[in-house]
Number of protein chains: 2
Amino acid sequence: MKYSQATDYALHAMLYLVASAPDKPVGVQQLAEKLGVSPTYLSKLMTKLVKAGLIVSTPGANGGYRLRKAQDEISFLHVIQAIEGTASLLECSLDHGDECLIQQVVLDAERQMEQLLASKKLVDVARRLPATD
Amino acid sequence: MKYSQATDYALHAMLYLVASAPDKPVGVQQLAEKLGVSPTYLSKLMTKLVKAGLIVSTPGANGGYRLRKAQDEISFLHVIQAIEGTASLLECSLDHGDECLIQQVVLDAERQMEQLLASKKLVDVARRLPATD
DNA sequence: GCTATTATAGATACATAAAGTCCTTAATGG
DNA sequence: CCATTAAGGACTTTATGTATCTATAATAGC
Ligand code: SF4
Ligand code: SF4
């Protein structure tokens, strides 16, 4: 089990936005070049981030993406869930009700992880980032 | 992102073994019937659990699987990692070294989750399990 | 209004992994 | 020796992720 590569792209794209000037939108063209991924594909991921409310997009000349919230309000969890969704790791087809302890255990564990991911903000790592080539 | 269904099968199979008499091996035929999955497929999963050291198998007449350790030593994490492996959720192809804070954050989060999964033993939920039909 | 620019969205193709089956081999108990 | 049961390889099918192409819509600047 692994995060999709899309999550990796999204994280790097967001970190790039965090490191950029907050007023100037960054185009998908420019982002894709930095990340080494196709612009059309990255575009779809960016749209997910838009719908998740993390960034805003402006079409047209000099358009692109910019952060919606303040840097220090955006956590790893926000980005990851925007791409991966919020479904539980363990979802069984049979539904034995809320009493199912198996799902409860996994859910508790997920909460633990999410708690840490929510506490880590993008800006925390943006400064000391290795060269993003 | 989700655990594979194989993990679900493995958890239920292990819980069944925990609930069974510890001296009598349980055959894959019987297990598969309980879980509603094909015996040959389940067999492959059980083999993974064997290789992970969670259970032992005895071929031949009256053979099958039985727990290797004591009930209360087997955690959710053991079973999950036996199936899903131990790779990190975020593995990027580029390797910017140990200093990569992105991977570090995700790794920390995983550790949090694993810590809880390791503390939860199968026997904790085996007793109060809904009917496994 | 016209044009260049840029995001959005649908359809489609491709690659990879998961899920499941079939058949053969090996080991054990009686 | 024989019935039984796990292990393993090869294979098919299905699902998901990855990626591309094309068309559409919205915006800025002239
Ligand atoms: S016990 Fe829980 S995990 Fe297992 S089949 Fe029932 S609802 Fe699903
Ligand atoms: S910064 Fe970390 S996650 Fe990003 S490409 Fe480098 S090693 Fe990978």
Side-chain angles (χ1 to χ4, degrees), chain A residues 1-13 17 23-33 35-68 80 82-85 87 89-93, chain B residues 1-13 17 23-33 35-68 80 82-85 87 89-93:
Chain A
M1 181 208 40
K2 242 172 55 71
Y3 283 146
S4 69
Q5 192 164 354
T7 296
D8 191 276
Y9 292 147
L11 279 172
H12 284 80
L17 289 184
D23 46 341
K24 283 190 182 174
V26 177
V28 74
Q29 195 72 37
Q30 186 180 350
L31 273 172
E33 201 171 320
L35 302 187
V37 60
S38 93
T40 43
Y41 181 47
L42 183 59
S43 167
K44 290 200 187 305
L45 306 184
M46 299 308 287
T47 300
K48 279 194 178 184
L49 297 177
V50 169
K51 292 192 173 165
L54 298 183
I55 57 180
V56 290
S57 67
T58 55
N62 301 321
Y65 303 97
R66 64 177 201 279
L67 298 183
R68 182 185 177 87
I80 291 173
I83 304 294
E84 300 285 337
L89 282 177
L90 192 75
E91 295 197 316
C92 98
S93 46
Chain B
M1 182 207 40
K2 244 172 53 70
Y3 285 145
S4 67
Q5 192 164 354
T7 296
D8 191 275
Y9 291 148
L11 279 172
H12 285 80
L17 289 184
D23 46 340
K24 283 191 180 173
V26 177
V28 74
Q29 195 71 38
Q30 185 180 351
L31 272 173
E33 201 170 320
L35 303 187
V37 59
S38 91
T40 43
Y41 182 48
L42 183 59
S43 168
K44 291 196 187 307
L45 306 183
M46 299 308 287
T47 301
K48 280 193 177 183
L49 297 177
V50 170
K51 292 193 172 163
L54 299 182
I55 57 180
V56 291
S57 66
T58 55
N62 301 322
Y65 303 97
R66 64 177 201 278
L67 298 183
R68 182 185 177 87
I80 291 172
I83 304 295
E84 300 285 336
L89 282 177
L90 191 76
E91 294 197 317
C92 97
S93 46

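Here is how names work: the chains are called A, B, and so on, in the same order as the sequence lines, proteins then strands, and each is numbered from 1.
- In this structure, the nucleotide among C:dA19, D:dG17, D:dT22 sitting nearest to the side chain of A:T40 is D:dT22.
- Atoms CG (A:L42) and C1' (D:dC21) sit 16 Å apart, rounded to a whole Å.
- Distance A:L31 CG to C:dT5 P: 19 Å, rounded to the nearest Å.
- Across B:V28 and B:M46, no two heavy atoms sit closer than the pair CG2-CG, 4.4 Å.
- Taken from CG in A:L42 to NE2 in A:H12, the straight-line distance is 12.0 Å, to the nearest 0.5 Å.
- Residue B:V37 is classed as having no contact, given no heavy-atom separation below 4.0 Å to the nucleic acid.
- Look at CG on B:L54: it is 17 Å from P on D:dA6, rounded to the nearest Å.
- Each of A:Y41 and B:G63 was assigned the nucleotide of DNA chain D with the nearest heavy atom; the assignment lying further toward the 5' end belongs to B:G63.
- Listed by residue number, A:K44 are the residues of residues 43-53 of chain A with a heavy-atom contact under 4.0 Å to DNA chain D.
- A pairwise comparison of heavy atoms in B:Q29 and B:P39 identifies NE2-CG, 3.9 Å as the closest pair.
- Rounded to whole angstrom, the span from the CD atom of A:Q29 across to the C1' atom of D:dT20 amounts to 14 Å.
- Protein atom CE of B:M1 is 22 Å distant from nucleotide atom P of C:dT16, rounded to whole Å.
- The side chain of A:S57 lies closest to C:dA7 when the candidates are D:dG17, C:dA7, C:dG20.
- For D:dA19, the OP1/OP2 oxygens have no side-chain nitrogen or oxygen of A:S38 closer than 4.0 Å.
- A close approach under 4.0 Å does occur between a side-chain nitrogen or oxygen of B:Y9 and OP1 or OP2 of C:dG20.
- Although no hydrogens or angles enter the test, the distance criterion places a donor-acceptor pair under 3.5 Å between the side chain of A:E84 and the main chain of A:S4.
- Atom CZ in B:R66 sits roughly 16 Å away from atom P in D:dT5 (whole-Å rounding).
- Taking NZ of B:K2 as the start and CE of A:M1 as the end, the distance is 11.0 Å to the nearest 0.5 Å.
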Dump the pairs, protein N or O against N or O of nucleotides 27-30 of chain C, anything under 3.5 Å, distances to one decimal.
residue	atom	partner	partner atom	Å
C:dT28	O2	B:A61	N	3.4

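- A 4.5 Å side-chain heavy-atom check between B:L11 and B:D8 finds every atom pair outside the cut-off.
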Before giving the answer on side-chain contact (heavy atoms from CB on, under 4.5 Å), spell out for B:Y9 and B:L45 the whole-Å C-alpha distance, their side-chain angles and the decisive distance to 0.1 Å.
CA-CA 8 Å; B:Y9 291 148; B:L45 306 183; 3.8 Å; yes
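- For the pair A:T47 (side chain) and A:S43 (backbone), a donor-acceptor distance under 3.5 Å is present.
- Residue A:E91 qualifies as enclosed at atom CD: its count of foreign heavy atoms under 6.0 Å is above 12.
- The distance from atom CD1 of A:I55 to atom P of C:dT6 is 16 Å, rounded to the nearest whole Å.
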Between B:Y65 and B:V26, is the side-chain contact (heavy atoms from CB on, under 4.5 Å) condition met? List the steps.
CA-CA 5 Å; B:Y65 303 97; B:V26 177; 5.6 Å; no
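- Residue B:Y65 has its side chain nearest to D:dA6 when only C:dA19, D:dA19, D:dA6 are considered.
- Counting to the nearest Å, the P atom of D:dA6 and the CD atom of B:Q30 are 10 Å from each other.
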